[in-house]
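Any value given below was found using the heavy atoms of this structure, including those in side chains, with hydrogens, waters and symmetry copies removed. Because the structure is predicted, anything quoted here is derived from the model rather than measured. As the structure lists them, so they are numbered: ligands from 1, and atoms in each ligand from 1.
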Amino acid sequence: MKKFFIVLAISSVVLACNSGAEGDKKAEEPKAETATAPAPAAPAASSADEEKALELIGSNDCTTCHAIDKKSIGPAYTEVAQKYEATDANIAALVDKVKKGGQGNWGAIPMTPHPDLPEADAKIMIAYILSLRK
Ligand code: HEC
């Protein structure tokens with residue numbers, strides 16, 4: 001009879017441990033995936049210019065510091081487009097900024113200069129970036 005109680009005591013301890021383990025398992029259940037942001041609206045630039053611009057942005061070092069619609073080291077291109085209207089004067093000023101580099105319009109982090117970047121290429125990229133304005 002005494003033996004029976006010992007077995008009962010041991011099995012209730014084992015049961016208690018098991019239920020504890022189950023509780024831990026529940027706490028480790030993966031959290032729901034975070035929702036992804038909706039894709040940005042189609043840009044106004046003609047598709048040929050857009051293709052060329054994206055090619056240039058990709059083949060230069062721009063993507064090191066910029067993403068289309070997310071802030072990185074530099075501002076998102078969609079934010080830049082919201083700040084500047086696509087006028088000739090703004091395009092010329094931004095081409096100059098990319099060539100010379102600089103800081104102060106978005107914060108203390110400077111953009112590196114791109115002195116060897118052909119002006120025509122810079123213009124295509126800037127015109128595309130400003131076309132992202134909503
Ligand atoms: C080393 C990181 C870096 C690289 C590489 C870089 N940028 Fe920038 N860019 C920045 C930062 C930082 C700013 C914000 C500067 C400021 O506050 O005035 C910026 C700002 C800009 C702006 C807005 C300028 C203004 O005065 O509002 C444009 C347009 C831009 N970048 C385009 C480009 C293009 C095109 C390229 C590729 C040729 C490029 N960037 C490469 C970091 C970078």
V98 neighbourhood, listing ligand 1 atoms whose heavy-atom distance to it stays under 4.0 Å: 30 (C), 32 (C), 33 (C), 38 (C)
Is the shortest N/O to N/O distance between W106 and ligand 1 below 3.5 Å? yes
Mind running side chain to side chain contact (heavy atoms under 4.5 Å, CB included) on Y84 and I129 for me, showing each step along the way? CA-CA 10 Å; Y84 306 99; I129 291 166; over 6 Å; no
Looking only at protein heavy atoms, which one is nearest to atom 12 (C) of ligand 1, and how far off is it? I109 O, 3.2 Å
Residue pair T78 / D69: nearest heavy atoms and the distance that separates them: OG1-CA, 3.5 Å
What atoms of ligand 1 come closer than 4.0 angstrom to any heavy atom of G74? 10 (C), 11 (C), 12 (C)
For atom 2 (C) of ligand 1, find the nearest protein heavy atom and state the residue, atom name and distance (0.1 Å precision). C65 SG, 1.9 Å
Protein contact to atom 31 (N) of ligand 1 [nearest heavy atom, distance to 0.1 Å]: H66 NE2, 2.8 Å
What I want to know is whether T112 and ligand 1 share at least one N or O pair that is separated by under 3.5 angstrom. no
Okay, side chain of H66, backbone of P75: is any donor-acceptor separation there less than 3.5 Å? yes
Among I91, N90, D121, V80, side-chain contact (heavy atoms from CB on, under 4.5 Å) partner for I126: I91
Does the side chain of N60 come within less than 4.5 Å of M125's, by heavy atoms? yes
Which heavy-atom pair separates P113 from K100 by the least distance, and what is that distance? CB-O, 3.3 Å
Check whether any side-chain heavy atom of Y128 lies under 4.5 Å from a side-chain heavy atom of L56, and answer yes or no. no
Is the closest heavy atom of T64 to ligand 1 under 4.0 Å? no
Co-membership, hydrophobic cluster, residues W106 and L94, 4.5 Å side-chain: yes
Within a distance under 4.0 Å of any heavy atom of G107, pick out the atoms of ligand 1 and give their elements. 17 (O)
Sidechain-backbone polar pair: H114 side chain, V98 backbone, donor-acceptor under 3.5 Å: yes
Closest non-hydrogen atoms of K134 and Q82, given as atom of the first, atom of the second and distance, are N-OE1, 2.8 Å
for atom 26 (O) of ligand 1, nearest protein heavy atom and its distance come out as N105 ND2, 2.7 Å
Could an N or O of ligand 1 be found under 3.5 Å from any N or O of P110, whether backbone or side chain? no
What is the nearest protein non-hydrogen atom to atom 15 (C) of ligand 1, stated with its residue, atom name and distance? G102 O, 3.6 Å
Tell me the protein heavy atom at minimum distance from atom 29 (C) of ligand 1, and give that distance in Å. I126 CD1, 3.7 Å
Tell me whether atom 8 (Fe) of ligand 1 has C62 as a neighbour, meaning an N, O or S atom of it below 2.8 Å. no
Run the side chain to side chain contact (heavy atoms under 4.5 Å, CB included) check on E85 and L130 step by step: do they pass? CA-CA 7 Å; E85 225 180 297; L130 296 190; over 6 Å; no
G104-ligand 1 polar pair, N/O distance under 3.5 Å: yes
Looking only at protein heavy atoms, which one is nearest to atom 18 (O) of ligand 1, and what is the separation? K97 NZ, 2.6 Å
Just distances here: any N/O of H114 and N/O of ligand 1 closer than 3.5 Å? no
Is there a donor-acceptor pair under 3.5 Å between the side chain of K99 and the backbone N or O of L117? yes
Identity of the nearest option to atom 5 (C) of ligand 1, non-hydrogen atoms only, from I91, I73, D61, L56: D61
Of the listed options K99, Q103, M111, closest to atom 20 (C) of ligand 1 (non-hydrogen atoms): M111
Can you tell me the protein heavy atom closest to atom 13 (C) of ligand 1 and the distance? P75 CD, 3.5 Å
